[in-house]
**Student:** 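Mind looking over this structure? Questions follow.
The figures here come from the full heavy-atom set of this structure, side chains too, leaving out hydrogens, waters and symmetry mates. Note that ligands are numbered from 1 as they come in the structure, with each ligand's atoms numbered from 1 the same way.
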Amino acid sequence: MDGRAIPRHVAVIMDGNGRWAKKRLLPRAAGHRAGMNRMIGLSEHVFDCGVQVCTLFALSTENLSRPQEELNGLYALFREYFPRNAKRLHEKSVVLKVIGDRGLLPADVVALIEEGEALTADGGRGILQLAIGYGGRQDILAAVNRAVRQGKEVSMEEFSAMLTTGGMPDPDLVIRTGKELRISNFLLWQAAYSELYFTDVLFPDFSDKEFDKALEAYASRERRFGKV
Ligand code: FPP
């Protein structure tokens, strides 16, 4: 990249693992494994590009209604890859955070998440935020209910701080791979003024080069935040 605007926070909706596998006559699980490998490669590349926060939408609340067999495969993949990659991120001084409803996840997966977060907490290079069991509406509703329990009206800033992403900058750029043109209950409040980038490329094929193309598109956008 040249000296043009680099988004501080990039969020990625990683879609297309299943179709990637289908195209190759492979089981969906093979697509998820390829997706997991790409996720790891990308989580290194984004910080080399100067991005400070990267949020990856790994599993939505709605994805949790997929067949149990597919979910078990995803959790098995997570158990296999997550601990060693948390170590790798720690070595690279990247903080790992997981957002979403942990009550919806298996207890041992939650324990691994907590270990990974504790291990990487002191990193200073960037923040990798994984959305697992995450839903934008659920995030907003939980914050509304928290505000109601406090019994007072809240400002926009106070409300933002009550979301699971509290303390993070809003995403500057939201990328969706895999051809669909929708947000699918991702960071609904936080993405109010994000630039959107959609690509037909299926997530396992979303190379570092493809990511750079999204950064180039971002650099050419004029952000006005509703002003003239
Ligand atoms: C989207 O492809 C991918 C997912 C829903 C899962 C991706 C997550 C991982 C590989 C990480 C794994 C584990 C955990 C527990 C976070 P898709 O299956 O929707 O693809 P399709 O639209 O082509 O069917």
Side-chain angles (χ1 to χ4, degrees), residues 10-46 54-89 94 96-117 119-120 127-136 138-139 164-165 174-187 197-207 210-211 214:
V10 180
V12 186
I13 302 173
M14 306 182 291
D15 196 17
N17 291 348
R19 279 163 286 155
W20 182 92
K22 196 172 176 195
K23 257 172 66 180
R24 289 164 178 75
L25 307 176
L26 293 169
R28 288 179 64 79
H32 289 318
R33 183 172 289 275
M36 181 63 118
N37 280 313
R38 186 70 291 262
M39 193 166 135
I40 289 161
L42 196 61
S43 60
E44 211 153 286
H45 180 64
V46 289
C54 177
T55 303
L56 301 177
F57 201 10
L59 213 57
S60 69
T61 321
E62 293 70 28
N63 288 154
L64 294 172
S65 317
R66 289 191 178 191
Q68 197 55 46
E69 191 192 338
E70 178 162 346
L71 291 178
N72 289 343
L74 284 170
Y75 295 136
L77 211 52
F78 183 87
R79 292 180 187 105
E80 182 184 337
Y81 281 77
F82 187 81
R84 74 177 119 103
N85 283 289
K87 272 192 206 120
R88 199 181 51 88
L89 290 170
V94 172
L96 188 57
K97 286 198 169 175
V98 175
I99 56 171
D101 185 350
R102 295 184 188 190
L104 301 174
L105 306 175
D108 69 311
V109 165
V110 175
L112 291 177
I113 289 171
E114 286 169 356
E115 280 167 32
E117 286 183 330
L119 176 70
T120 60
I127 299 170
L128 183 70
Q129 196 164 236
L130 290 182
I132 304 179
Y134 177 84
Q138 291 83 347
D139 194 3
T164 49
T165 49
V174 175
I175 298 172
R176 182 176 187 138
T177 68
K179 207 168 180 186
E180 310 291 1
L181 305 177
R182 53 179 172 255
I183 292 293
S184 299
N185 202 16
F186 195 30
L187 303 165
Y197 179 88
F198 295 98
T199 170
D200 289 357
V201 175
L202 304 173
F203 185 70
D205 292 330
F206 188 66
S207 61
E210 291 293 336
F211 179 80

**Student:** Look up atom CG in Asn85 and atom CD1 in Ile40, then write down how far apart they are to the nearest 0.5 Å.
**Tutor:**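 Answer for the CG-CD1 pair, Asn85 versus Ile40, is 3.5 Å.
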
**Student:** Which part of Glu80 is near ligand 1, with near meaning a heavy atom under 4.0 Å away: side chain, backbone, both or neither?
**Tutor:**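 Contact part for Glu80 vs ligand 1: neither.
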
**Student:** Just need the protein heavy atom nearest to atom 19 (O) of ligand 1, so name the residue and atom and give the distance.
**Tutor:**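 The answer is Arg66 NH2, 2.8 Å.
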
**Student:** What distance do Arg79 atom CZ and Leu74 atom CG have between them, rounded to the nearest 0.5 Å?
**Tutor:**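 Rounded to the nearest 0.5 Å, the CZ-CG separation comes out at 10.5 Å.
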
**Student:** Short list, please: which atoms of ligand 1 are under 4.0 Å from a heavy atom of Arg19?
**Tutor:**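 Contacts of ligand 1 toward Arg19, numbered from 1: 21 (P), 22 (O), 23 (O).
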
**Student:** Check ligand 1 against Ile132 and write out every atom of the ligand that is under 4.0 Å from a heavy-atom position of the residue.
**Tutor:**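 Those atoms are 16 (C).
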
**Student:** Can you list the steps and then say if Asn185 with Glu62 is a side chain to side chain donor-acceptor pair (under 3.5 Å)?
**Tutor:** CA-CA 9 Å; Asn185 202 16; Glu62 293 70 28; 3.0 Å; yes

**Student:** Considering all heavy atoms of both residues, which atom of Phe203 and which atom of Met39 are nearest to each other, and what is their separation?
**Tutor:**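 Looking at all heavy atoms of both residues, the shortest contact is CE2-N, 3.7 Å.
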
**Student:** Under 4.0 Å, heavy-atom basis, I'd like to know which part of Asn17 is in contact with ligand 1: side chain, backbone, both or neither.
**Tutor:**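 Near ligand 1, Asn17 shows its backbone as well as its side chain.
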
**Student:** Could a heavy atom of Arg28 be found less than 4.0 Å from some atom of ligand 1?
**Tutor:**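 Yes, Arg28 has heavy atoms under 4.0 Å from ligand 1.
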
**Student:** Tell me, which protein residue and heavy-atom name are nearest atom 1 (C) of ligand 1, and how many Å apart are they?
**Tutor:**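 Scanning the protein heavy atoms, the shortest distance from atom 1 (C) of ligand 1 goes to Met14 O, 3.1 Å.
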
**Student:** Any non-hydrogen atom of Arg33 lying under 4.0 Å from ligand 1?
**Tutor:**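 Under 4.0 Å: no for Arg33.
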
**Student:** Quick test: of every protein heavy atom, which one is nearest to atom 6 (C) of ligand 1, and how far off is it to 0.1 Å?
**Tutor:**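 Result: Ala58 O, 3.2 Å.
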
**Student:** Tell me whether the guanidinium CZ or amine NZ of Arg84 lies under 6.0 angstrom from the six-membered ring centre of Phe82 and within 45° of its axis.
**Tutor:**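 Cation-pi check for Arg84 and Phe82: fails.
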
**Student:** Judging by distance only, is a nitrogen or oxygen of Gly18 under 3.5 angstrom from one on ligand 1?
**Tutor:**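 Yes; at least one N/O pair falls below 3.5 Å.
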
**Student:** Do Asn63 and ligand 1 have an N or O pair less than 3.5 Å apart?
**Tutor:**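 Between Asn63 and ligand 1, no N or O pair is found under 3.5 Å apart.
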
**Student:** When rounded to the nearest 0.5 angstrom, what distance separates CD1 in Ile13 from OG1 in Thr55?
**Tutor:**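 Answer for the CD1-OG1 pair, Ile13 versus Thr55, is 11.0 Å.
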
**Student:** Do you know which two heavy atoms are closest between Asn17 and Gly35, and how far apart they sit?
**Tutor:**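 Scanning both residues completely, I find the closest heavy atoms to be OD1-CA, 3.7 Å.
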
**Student:** Report yes or no: does Gly178 have a heavy atom closer than 4.0 Å to ligand 1?
**Tutor:**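 No; Gly178 lies far enough from ligand 1 that no heavy-atom distance drops under 4.0 Å.
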
**Student:** Looking only at protein heavy atoms, which one is nearest to atom 10 (C) of ligand 1, and how far off is it?
**Tutor:**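 The closest heavy atom on the protein side is His32 O, 3.4 Å.
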
**Student:** So, Glu80 and Arg33, do they make that salt bridge, N to O below 4.0 Å?
**Tutor:**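 Result for this pair is yes, salt bridge flagged.
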
**Student:** Mind telling me whether Phe211 and His45 have parallel, tilted or perpendicular rings, with 30° and 60° as the class edges?
**Tutor:**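 Answer is perpendicular, since the angle exceeds 60°.
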
**Student:** How long is the span from the NZ atom in Lys87 to the OG1 atom in Thr120, to the nearest 0.5 Å?
**Tutor:**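 Lys87 atom NZ to Thr120 atom OG1 measures 13.0 Å (nearest 0.5 Å).
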
**Student:** Starting from atom 13 (C) of ligand 1, what is the nearest protein heavy atom, named by residue and atom, and what distance separates them?
**Tutor:**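 Ranked first by proximity to atom 13 (C) of ligand 1 is Leu74 O, 3.5 Å.
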
**Student:** Examine Glu70 against ligand 1 and note whether any of their N/O atoms are separated by less than 3.5 Å.
**Tutor:**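 In fact, backbone or side chain, Glu70 has no N or O that close.
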
**Student:** Tell me: protein heavy atom nearest atom 14 (C) of ligand 1, and distance?
**Tutor:**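 Closest protein heavy atom to atom 14 (C) of ligand 1: Phe78 CD1, 3.9 Å.
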
